[in-house]
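Step one of this worksheet: look at the structure below.
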Amino acid sequence: MDTQRVVSVIAAGVVATGVISGTLIMLEVQMRYAMHLFDAVARFVGLPGQRFLGFVIYSFAGVVVWPLAFLALRPYLPRGPDPAAQGAVFATALWVVFVITGSGGLDGPILVVYLVFTLLAHWAYGFTLGAVYGYLTGETPTARGEPAAW
């Protein structure tokens with residue numbers, strides 16, 4: 001991996017984490033704080049009740065870990081060569097893991113709202129991650145004079 005691509009994907013991770021955070025905060029408020037996002041992250045790493053640590057892990061994963069994983073897996077992701085489309089595919093896989101680990105004791109209609117909004121939030125994260133990365137590296141279809149994959 002070259003340095004420019006690493007810096008670009010981490011910068012894209014900062015923007016994408018801001019996008020998903022805004023969406024998940026709106027969901028948390030709408031659900032009257034039933035989701036406990038950062039508690040779920042802390043539980044996932046085996047430290048239940050450590051909400052601040054959950055926030056730090058969530059931020060680090062969104063800004064550094066997932067973007068670097070996206071960069072490493074990008075050649076194998078479908079919907080290429082458009083990085084935004086590949087980002088959405090990547091985020092769908094992240095959503096599956098998120099739902100398995102973070103849905104807690106939700107059930108009934110609130111579980112459906114949770115599933116829909118978290119999927120939309122993850123797609124927004126992945127699309128933003130790929131789009132910003134593509135813009136910063138010049139790898140977008142429009143930069144190459146091609147139509148977008150979507």
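Heavy atoms only: backbone and side chains are in, while hydrogens, waters and symmetry mates are out. Please read all numbers here as calculations on a predicted model, not as lab measurements.
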request  = Answer yes or no: is there a side-chain heavy-atom contact under 4.5 Å between Val19 and Tyr125?
outcome  = no
ask   = So, does Thr118 use its side chain to make a donor-acceptor pair with the main chain of Leu115 at under 3.5 Å?
value = yes
query = At their closest point, which heavy atom of Pro83 faces which heavy atom of Tyr133, and how far apart are they?
reply = CB-CD2, 4.2 Å
key: Residues forming a side chain to side chain contact (heavy atoms under 4.5 Å, CB included) with Val113, sequence neighbours excluded   = Leu27, Phe117
message = Using every non-hydrogen atom in the two residues, find where Phe127 and Ala84 come nearest and quote the distance to one decimal.
response = CE1-CB, 3.5 Å
query = Cluster question for you: counting only ILVMFWY and a side-chain heavy-atom cut-off of under 4.5 Å, with indirect links fine, are Val7 and Val14 together?
reply = no
inquiry  = Using the rule that Ile, Leu, Val, Met, Phe, Trp and Tyr join whenever any side-chain heavy atoms are under 4.5 Å apart, tell me whether Phe38 and Met26 fall into a single cluster.
reply    = no
request  = Would you name the heavy atoms of Gln86 and Pro78 that are closest together and state the gap between them?
outcome  = CG-O, 3.4 Å
request  = Rounded to the nearest 0.5 Å, what's the gap from CG on Leu73 to CH2 on Trp66? Could you check?
outcome  = 10.0 Å
All N/O donor-acceptor pairs, side-chain side in residues 50-63, below 3.5 Å, sequence neighbours left out:
residue : atom : partner : partner atom : Å
Arg51   : NE   : Asp39   : OD1          : 3.4
Arg51   : NH2  : Asp39   : OD2          : 3.0
Tyr58   : OH   : Ser21   : OG           : 2.8
Ser59   : OG   : Phe55   : O            : 3.0

message = Could you check whether any side-chain N or O of Arg74 sits under 3.5 Å from a backbone N or O of Gly87, counting only pairs where one atom can act as donor and the other as acceptor?
response = no
ask   = Which atoms form the tightest heavy-atom contact between Pro67 and Gly13, and what is the distance?
value = CG-CA, 3.6 Å
inquiry  = Per the ring pair (Phe, Tyr, Trp, His ring centres under 6.0 Å) rule, what does the pair list look like for residues 67-88, sequence neighbours excluded?
reply    = Phe70-Phe90
By side chain to side chain contact (heavy atoms under 4.5 Å, CB included) - contacts of Ala121 (at least two apart) = Ile20, Thr23, Leu24
ask   = Mind checking who shares a hydrophobic cluster with Val132, ILVMFWY linked at side-chain heavy-atom distances under 4.5 Å?
value = Val15, Tyr135, Leu136
note = Of Val99, Leu94, Ile100, the one forming a side-chain contact (heavy atoms from CB on, under 4.5 Å) with Val96 is Ile100
task = Any salt bridge (Lys or Arg N to Asp or Glu O under 4.0 Å) involving residues 6-26? Give me the pairs, sequence neighbours left out, ordered by first then second residue.
result = none
message = Could you see if Val116 belongs to whatever hydrophobic cluster contains Trp95? Use Ile, Leu, Val, Met, Phe, Trp, Tyr and a side-chain cutoff under 4.5 Å.
response = yes
